[in-house]
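Down below is the structure, laid out as structure tokens.
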Amino acid sequence: MSAFYLTCLAVLFSGLGSRDQMTVVALSQQQGRRPAVLIIAALLAAATAAFAGWAATLIIPVMQPAARVFLCALALGFAGGE
């Protein structure tokens with residue numbers, strides 16, 4: 001469980017300065033402040049993280065320890081590439 005937990009945290013932290021925030025900034029500059037955009041983005045981020053955690057609880061019991069490490073490394077690689 002700790003490998004997937006750390007992977008989820010790494011993906012979350014790597015996305016903090018991503019292009020999603022730039023999209024919200026561009027929308028705010030063009031259309032003015034809209035708190036609904038920020039609220040919806042926060043809700044979607046929380047829902048995505050919850051789904052990833054739920055999916056991990058389903059997958060972890062059926063994986064071998066070596067496969068867990070490989071999947072963790074793969075997720076970190078994709079997060080870094082993003």
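Position 1 is the first residue of the sequence, and the numbers go up from there.
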> What pairs with Leu74 under side-chain contact (heavy atoms from CB on, under 4.5 Å), at least two apart in sequence or on another chain?
Replying inline: Phe70, Leu71, Phe78

> Taking everything shown except Gln64 itself, do over 12 heavy atoms lie less than 6.0 Å from its CD?
Replying inline: no

>> Show me the pairs that pass ring-ring contact (aromatic ring centres under 6.0 Å, His included) and involve residues 21-69, at least two apart or across chains.
In response: Phe51-Trp54

> Roughly how far, to the nearest 0.5 Å, is CG of Leu43 from OG1 of Thr48?
Replying inline: 10.5 Å

> How would you list, by chain and number, every residue that makes a side-chain contact (heavy atoms from CB on, under 4.5 Å) with Gln29, sequence neighbours excluded?
Replying inline: Val25

>> To check you understand the geometry: which heavy-atom pair defines the closest contact between Pro61 and Ala56, and what is its length?
In response: CD-O, 4.5 Å

